[in-house]
Amino acid sequence: MLDLGFVRGNLPLVEEKLRQRGADPAALLGDFHVLDGARREAITRAEQLKARRNELSQRVGALKRAGQDATALMEETRSIKEALDGLDAEAATLDEKMRQSLARIPNLTRDEVPSGRSEEQNVVVKTWGSPARFDFEPKPHWELGEQLGILDLERATKLSGARFAVYKGAGARLERALISFMLDRHTLEHGYTEVLPPFLVNSRSLFGTGQLPKFAEDLFRCADGQEFVEGEYRDNDHWLIPTAEVPVTNLFRDEILDETQLPICYAAYTPCFRAEAGAAGRDTRGIIRQHQFEKVELVKFARPEDSDAEHEKLTGDAERILEMLGLPYRRMLLCTGDTGFSSAKTYDLEVWLPGQGAYREISSCSNFESFQARRANIRYRPGNKGKTEFVHTLNGSGLAVGRTWLALVEHYQQADGTVLIPEVLRPYMNGMERIAASS
RNA sequence: GGAGAGGUGGCCGAGCGGUUGAUGGCAGCGGUCUUGAAAACCGCCGAACCCGAAAGGGUUUCGUGAGUUCGAAUCUCACCCUCUCCGCCA
């Protein structure tokens with residue numbers, strides 16, 4: 001969420017930034033200054049009446065203590081109260097409107113983010129490794145997975161419908177190995193603290209990180225309470241997390257952190273659940289796009305002046321996993337139109353998938369600056385200044401485990417249909433060197 | 001699910017209709033003292049919003065929402081959450 005005062009004082013800039021994102025400034029803040037003016041006027045008038053009422057009440061108290069008559073004053077206070085009812089309601093309504101429209105305005109992208117409509121305009125920042133060359137026709141992971149008996153998509157459909165998977169044998173083991181491998185690197189070598197959060201969160205949390213209200217249709221919600229109503233963020237409803245970002249970032253919601261704690265770096269494994277509304281027909285084969293997938297997520301809370309450097313470091317930490325696994329990738333700087341709602345700047349890591357002959361997203365590393373912190377009210381007290389400030393939050397996949405699984409299977413496939421296991425992973429696979437059909 | 005207790009400022013903890021934004025303690029900040037540090041002592045110290053160029057003024061805020069009252073942290077009701085015990089269960 002942007003700061004109300006900032007939007008008020010920088011309307012042209014905000015409009016320009018929204019346009020760069022491909023958003024419609026008119027729709028998002030068309031009547032901003034009208035609404036803002038009306039809201040402030042209502043507040044001012046209501047507050048003047050309240051000041052008068054409070055003053056009268058005090059005098060009533062004084063008179064009564066002195067044993068004198070106060071009926072005249074009490075009469076005036078009563079009439080103020082009636083006028084106040086309407087005014088207060090009006091101010092509250094306008095305030096809520098402002099709040100809601102503010103909550104739907106995306107973050108401002110940084111100036112170094114390239115302008116662009118879609119992913120076409122994303123910029124390659126670096127490329128690591130090069131796509132493997134095969135002297136045979138590489139197969140997509142769904143064929144390999146089925147032949148090796150490590151992936152069962154058909155039966156998953158029976159259990160849960162489309163976009164679910166069952167992993168078996170070495171396939172299940174591989175998934176678990178990847179999770180452990182990633183967590184070990186991040187906690188043992190990159191300085192993150194492991195967190196295992198709840199997989200269900202309330203709507204307050206989803207508002208905090210920016211999934212609500214705009215992206216409700218992308219989420220799975222448990223039918224254990226009332227309907228979701230925009231503007232009402234409950235702490236007693238339950239939604240499946242779309243990413244560990246939500247519970248982990250919200251750990252410090254409504255808290256004031258000590259500056260000496262920062263940066264706080266967490267690594268969390270969780271399954272992720274996404275409704276994938278609007279993705280109908282996309283990536284229907286294989287496990288690229290699932291309703292449920294595993295992910296190891298990196299989350300940081302940093303001082304504003306450090307968030308850039310922490311963003312680079314975090315992205316590097318994710319990249320290192322790909323490098324250790326020997327998977328070719330490239331780092332993309334997302335353009336304005338492709339940068340997520342809450343993010344000020346995002347790098348995507350794209351891994352090469354031989355089965356598709358394309359680079360596909362396997363990690364997304366974002367600096368949210370104070371956008372989420374303002375929504376979730378996460379602050380810290382800088383130095384010896386008494387004033388609190390919002391922290392900067394960051395996160396990135398480190399990595400999406402399901403996609404790592406399929407990249408690995410496709411990248412390390414052999415002519416005979418087996419899949420080599422990279423050396424760094426073998427300790428996590430009980431020494432297994434390759435996945436063969438009999439396993 | 002049943003019974004009880006409780007939700008107050010960064011933290012702990014008083015207050016239980018009228019100068020209470022809230023006693024006190026801790027932490028933090030500034031100062032005195034000291035070669036330095038500690039201790040001791042003195043002072044400052046919540047947040048959001050509105051008006052104002054500023055100085056400053058005002059409003060709201062004691063889990064949330066309604067209500068009673070001239071006036072509520074304090075009274076009433078509903079709801080939420082936490083803790084303890086019991087039951088059930090991984």
Side-chain angles (χ1 to χ4, degrees), chain A residues 1-9 32-33 35-103 196 198-205 207 222 224-229 231-238 250-262 264 301 370 373-391:
Chain A
M1 194 155 60
L2 300 179
D3 177 65
L4 175 60
F6 178 85
V7 176
R8 184 184 298 142
F32 180 90
H33 53 282
L35 203 59
D36 186 46
R39 166 183 169 273
R40 288 198 282 171
E41 197 190 316
I43 288 174
T44 303
R45 282 195 297 156
E47 287 185 350
Q48 282 166 353
L49 278 184
K50 283 180 188 173
R52 175 75 181 150
R53 179 199 61 190
N54 291 347
E55 182 201 336
L56 289 174
S57 286
Q58 286 218 356
R59 278 164 48 190
V60 169
L63 282 178
K64 288 207 161 183
R65 255 183 317 230
Q68 294 179 319
D69 176 63
T71 37
L73 293 182
M74 283 162 68
E75 213 37 62
E76 186 181 346
T77 319
R78 230 190 298 268
S79 71
I80 286 177
K81 198 177 165 189
E82 276 162 37
L84 210 45
D85 279 343
L87 257 180
D88 250 350
E90 188 193 339
T93 305
L94 288 166
D95 192 61
E96 182 57 22
K97 265 193 191 165
M98 279 306 288
R99 220 172 271 286
Q100 287 199 16
S101 83
L102 210 55
L196 183 62
F199 303 158
L200 296 178
V201 293
N202 55 34
S203 45
R204 285 270 289 125
S205 299
F207 178 82
C222 297
D224 62 347
Q226 296 95 321
E227 283 302 300
F228 168 62
V229 178
E232 284 182 22
Y233 304 102
R234 314 166 59 85
D235 44 22
N236 61 337
D237 53 355
H238 301 281
N250 276 281
L251 276 172
F252 297 120
R253 191 173 73 226
D254 295 321
E255 293 193 29
I256 298 173
L257 302 172
D258 191 22
E259 186 182 24
T260 57
Q261 299 175 264
L262 301 176
I264 296 171
F301 304 83
S370 58
R374 197 170 283 109
R375 289 179 157 246
N377 192 27
I378 307 170
R379 295 167 296 170
Y380 79 109
R381 222 178 281 280
N384 32 26
K385 277 178 273 175
K387 192 88 176 140
T388 58
E389 266 180 41
F390 291 109
V391 301

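A, B, ... follow the sequence lines: proteins, then strands. Residue 1 opens every chain. Computed from a predicted structure; not experimentally measured.
Base pairing of B/C70: its partner is B/G18, meeting the Watson-Crick or G-U wobble criterion (both donor-acceptor distances under 3.5 Å). Of all nucleotides present, none satisfies the Watson-Crick or G-U wobble test against B/C89 with each distance under 3.5 Å. Under the Watson-Crick or G-U wobble criterion, with both distances below 3.5 Å, B/A40 is paired with B/U32. Pairing for B/U60 is with B/A47, a Watson-Crick or G-U wobble pair whose two hydrogen-bonding atom distances lie under 3.5 Å. With a cut-off of 3.5 Å on both Watson-Crick or G-U wobble distances, the partner of B/A5 is given as B/U82.
The two residues A/L73 and A/L63 come nearest to each other via the heavy atoms CD1-CD1, 3.6 Å. The shortest heavy-atom contact between A/L2 and A/L102 is O-CD2, 3.6 Å. Closest heavy-atom contact between A/R253 and A/S205: NH1-OG, 2.8 Å. Residues A/F390 and A/A373 come closest through the heavy atom pair CD2-O, 3.5 Å. Looking at every heavy atom in both residues, A/R375 comes nearest to A/F207 through NH1-O, 2.9 Å.
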| message | Let's go through A/E82 and A/R78 carefully: what are the C-alpha distance in whole Å and the side-chain angles of both, what is the deciding distance for salt bridge (charged side-chain N to carboxylate O under 4.0 Å, His left out) to 0.1 Å, and is it a yes or a no? | response | CA-CA 7 Å; A/E82 276 162 37; A/R78 230 190 298 268; over 6 Å; no
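Atom-to-atom, CG of A/L94 to P of B/C50 comes out at 13 Å; the value is rounded to the nearest Å. Here the P atom of nucleotide B/A90 and the CZ atom of A/F199 are 20 Å apart, to the nearest Å. Between A/N377 atom CG and B/G10 atom C1' the separation is 13 Å, expressed in whole Å. Rounding to whole angstrom units, CG of residue A/L56 and C1' of B/G18 are separated by 14 Å. Taking atom CG of A/D254 as the reference point, atom C1' of B/U64 lies 13 Å away to the nearest angstrom. Atom pair A/E41:CD and B/C49:P shows a separation of 20 Å (rounding to whole Å applied). Between the CD atom of A/Q58 and the C1' atom of B/G18 there is a distance of 8 Å, rounded to whole Å. In this structure, CD of A/E259 is placed 18 Å from P of B/G10, rounded to the nearest angstrom.
A/E255 pairs by the side-chain hydrogen bond (donor to acceptor under 3.5 Å, both in side chains) definition with nothing, not counting sequence neighbours. Evaluation of the ring-ring contact (aromatic ring centres under 6.0 Å, His included) rule for A/F252 yields A/F301 as partners, not counting sequence neighbours.
Between A/L94 and A/E41 there is no side-chain heavy-atom pair separated by less than 4.5 Å.
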Identify the pairs formed between an N or O of the protein and an N or O of nucleotides 56-60 of chain B at a distance under 3.5 Å, and give each distance.
{"unit_1": "B/G58", "atom_1": "N2", "unit_2": "A/E47", "atom_2": "OE1", "d": "3.1"}
{"unit_1": "B/G58", "atom_1": "N2", "unit_2": "A/E47", "atom_2": "OE2", "d": "3.3"}
{"unit_1": "B/U59", "atom_1": "OP1", "unit_2": "A/N54", "atom_2": "ND2", "d": "3.1"}
{"unit_1": "B/U60", "atom_1": "OP1", "unit_2": "A/R53", "atom_2": "NH2", "d": "2.9"}
{"unit_1": "B/U60", "atom_1": "OP2", "unit_2": "A/N54", "atom_2": "ND2", "d": "3.3"}

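Across all strands shown, A/R8 has heavy atoms under 4.0 Å from sugar-phosphate atoms exclusively, and none from any base. Across all strands, A/R39 comes closer than 4.0 Å only to sugar-phosphate atoms, never to a base (heavy-atom distances). Within the 4.0 angstrom heavy-atom criterion, no nucleotide atom of any strand lies near A/L73.
Taking atom P on both B/C12 and B/A66, the two are 28 Å apart, rounded to the nearest angstrom. With both ends at atom P, the span from B/G36 to B/A48 equals 38 Å, rounded to whole Å. Straight-line distance between the P atoms of B/G7 and B/C62: roughly 14 Å, to the nearest whole Å. B/A39 and B/U32: their C1' atoms are spaced 13 Å apart (whole Å). For the P atom pair drawn from B/G63 and B/G15, the interatomic distance equals 15 Å after rounding to whole Å. For the P atoms, the distance linking B/C77 with B/A5 amounts to 14 Å, nearest Å. For the P atom pair drawn from B/G6 and B/A90, the interatomic distance equals 34 Å after rounding to whole Å. Going from the P atom of B/C29 to that of B/U20 covers 29 Å, rounded to whole Å.
Nucleotides of RNA chain B nearest to A/T77 and A/D3 differ in position, and the one nearer the 5' end is that of A/D3. Sequence order on RNA chain B of the closest nucleotides to A/G61 and A/E75 puts A/G61 first from the 5' end.
Here B/C70 is the nucleotide among B/C51, B/G10, B/C70 with the atom lying nearest to any side-chain atom of A/S57.
Taking side-chain N and O atoms only, A/R59 has no distance below 4.0 Å to OP1 or OP2 of B/G71.
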